[in-house]
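Here the structure is a predicted model, which means the values were calculated and not measured. Basis for what follows: all heavy atoms, side chains included, without hydrogens, waters or symmetry-related copies.
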Amino acid sequence: MKKHLLMIMTALSLALCLGGCAGQSAGAPAVQLGFIAPLSGDEAAVAAQNAFQLAIDEANDSGEFPYTIEAVYADDAADAATAYREAQLLLLQPQLAAVVSFSGEDAALATLPLFNEAATPLLLGAVSGARYEYAVQGLPLVMQLQPPLGTENAPLAELAIDQLGYTEWFVISDISEQGEANLQRFSDELAARELAALGVEQVQTDIMDLRHIAEEIEESNAAAVYCGCNAAVAAQLANELAAVGVADIFFCGPSSLYYDSFTKAAASEQALSVTAENYPENAGWLQDFYKSYAAAGYTEPAGWQAAAAYDAAQVLIEALRSAGELPDASAMAAAVAAVQGAGLQGTISFDAAGYTQALSWSAYQVTDGAWQPYQAAK
């Protein structure tokens, strides 16, 4: 057992050196920032690891800090039990100040109790979902770069209700996690404006017989339909509405509609979808980051997770600036929660529940059988 533990610790020490030891003198003061994710196998987040390292290299090269920032990498292998063991090893690192996780949902959930018990700030970069949102309640040291489920319903309501003036709604959603969140969030938006839906339906995620709901919508005299279902169900509903003669109703939904499969419905024309995105692919600043990433010599393709990992590192680096001369986890806890730092898309900060407040949203409309921008992202 001791031999196995020694081998594991040796591997982790090598990962630490690869992440921050180059160019250091022996005994130089250091602060460690952990990064746990699947780093091997089919789900390896190699580009995210590269981007995290890029941000740390830039911080060290700046000469701003009176210590070296070291990255400590832990491979959870996309497995909850492995993630738990790797988190234990991370927490043995003597100068560990905070950790970024790009683990999947099960692996992330497995590690939450460990980081919470150790009072180590944890920044989650890639997970969302009802199980996760429930698990992080009451964990003040957990910050999240991804928005909670259903977030885009607020800007959707602002556009469809406040700007376009639709007040008579029929609401339909499915029974998935996303569908439940969509229904709750849009219903909350209606209630906040003292509006009530003329009808509400929840359906199975794979239902294709929606004629009765289309007839119910026709009888309700609703001027607008909110559809929080998946794209396939939404497409079938749009076709059924056309089949019963409801051709001029306003049809909209959140990002669950924003798929090409929805636009294939003959009756999808002019439907509206609003997506809330941290890293919209069409953003110029994201494309600039991809160029900088490539210029640093990384060959793995950078996607939104790489950009999120870079921002996660920037959040921790910004927190280091206000956490003292040689900060530990205790000093970093308050600093991370209060951070107001420059990310790729602008200032990153967190609300009282720990969710990022740096969020873009975009509206799209089906025009000539394809999704087209409705208006500039906000």
Side-chain angles (χ1 to χ4, degrees), residues 1-40 45 48-57 59-60 65-77 79-103 107-108 110-125 139 141-143 309 312-321 323-337 339:
M1 180 66 183
K2 290 183 178 179
K3 180 179 179 181
H4 291 165
L5 180 60
L6 178 62
M7 291 172 65
I8 293 171
M9 288 301 295
T10 300
L12 189 61
S13 297
L14 287 173
L16 188 155
C17 271
L18 289 172
C21 291
Q24 294 178 44
S25 60
V31 170
Q32 298 170 321
L33 300 180
F35 185 94
I36 183 169
L39 302 179
S40 59
Q49 179 185 9
N50 292 342
F52 187 80
Q53 186 64 51
L54 175 61
I56 288 178
D57 288 344
N60 283 328
F65 297 94
Y67 46 78
T68 297
I69 304 171
E70 295 178 351
V72 188
Y73 294 105
D75 181 6
D76 68 25
D79 175 73
T82 303
Y84 188 88
R85 291 193 299 270
E86 289 293 313
Q88 288 178 312
L89 293 175
L90 271 179
L91 289 168
L92 292 176
Q93 296 304 304
Q95 284 85 40
L96 187 69
V99 175
V100 167
S101 170
F102 271 73
S103 300
T111 63
L112 287 178
L114 288 173
F115 292 117
N116 182 62
E117 184 177 350
T120 299
L122 178 65
L123 182 55
L124 289 158
L139 301 183
L141 300 185
V142 178
M143 303 291 121
Q314 294 293 357
V315 166
L316 298 188
I317 290 166
E318 179 64 26
L320 287 173
R321 293 187 173 101
E325 292 186 4
L326 194 63
D328 56 12
S330 177
M332 281 287 280
V336 172
V339 76

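Here Ile36 contributes atom CD1 and Leu124 contributes atom CG; the two are 10.5 Å apart, rounded to the nearest 0.5 Å. Going from atom CD1 of Ile56 over to atom CD1 of Ile317 covers 6.0 Å, rounded to the nearest 0.5 Å. One distance of note links OG of Ser103 with CG of Leu122; it measures 8.5 Å at 0.5 Å rounding.
Considering only residues two or more places apart in sequence or on other chains, Tyr67 meets the side-chain contact (heavy atoms from CB on, under 4.5 Å) condition with Pro29, Val31, Phe65, Ile69, Leu320, Leu326, Pro327. Residues meeting the ring-ring contact (aromatic ring centres under 6.0 Å, His included) test with Phe52, sequence neighbours left out: Phe35. Every residue meeting the side-chain contact (heavy atoms from CB on, under 4.5 Å) condition with Asp75, not counting sequence neighbours, appears here in chain and number order: Leu39, Ser40, Ala77.
Minimum interatomic distance between Ala97 and Met332 (heavy atoms only, all atoms of both residues): O-CB, 3.5 Å. Ala108 and Ser101 get closest at one heavy-atom pair: CB-OG, 4.5 Å. Heavy atoms only, all atoms of each residue included: Gln314 and Ala55 are closest at NE2-CB, 4.0 Å. Contact between Gly34 and Leu96 at its shortest, heavy atoms only, is N-CD1, 3.6 Å. Across every non-hydrogen atom of Thr111 and Ala83, the tightest pair is CG2-O, 3.5 Å. In terms of heavy-atom proximity, Ala309 sits nearest to Ala48 at CB-O, 3.2 Å.
The closest side-chain heavy-atom distance from Phe102 to Gln49 is not below 4.5 Å. Side-chain contact check for Gln88 versus Leu91: every heavy-atom pair is 4.5 Å or farther apart. Between Asn60 and Thr68, some side-chain heavy-atom pair lies under the 4.5 Å cut-off.
With Val72 as reference, Leu90 is the one residue of Val99, Leu90, Leu33, Leu89 to meet the side-chain contact (heavy atoms from CB on, under 4.5 Å) rule.
Judged by distance alone, with hydrogens and angles left aside, the side-chain atoms of Gln95 form no donor-acceptor pair with the main-chain N or O of Gln32 at under 3.5 Å.
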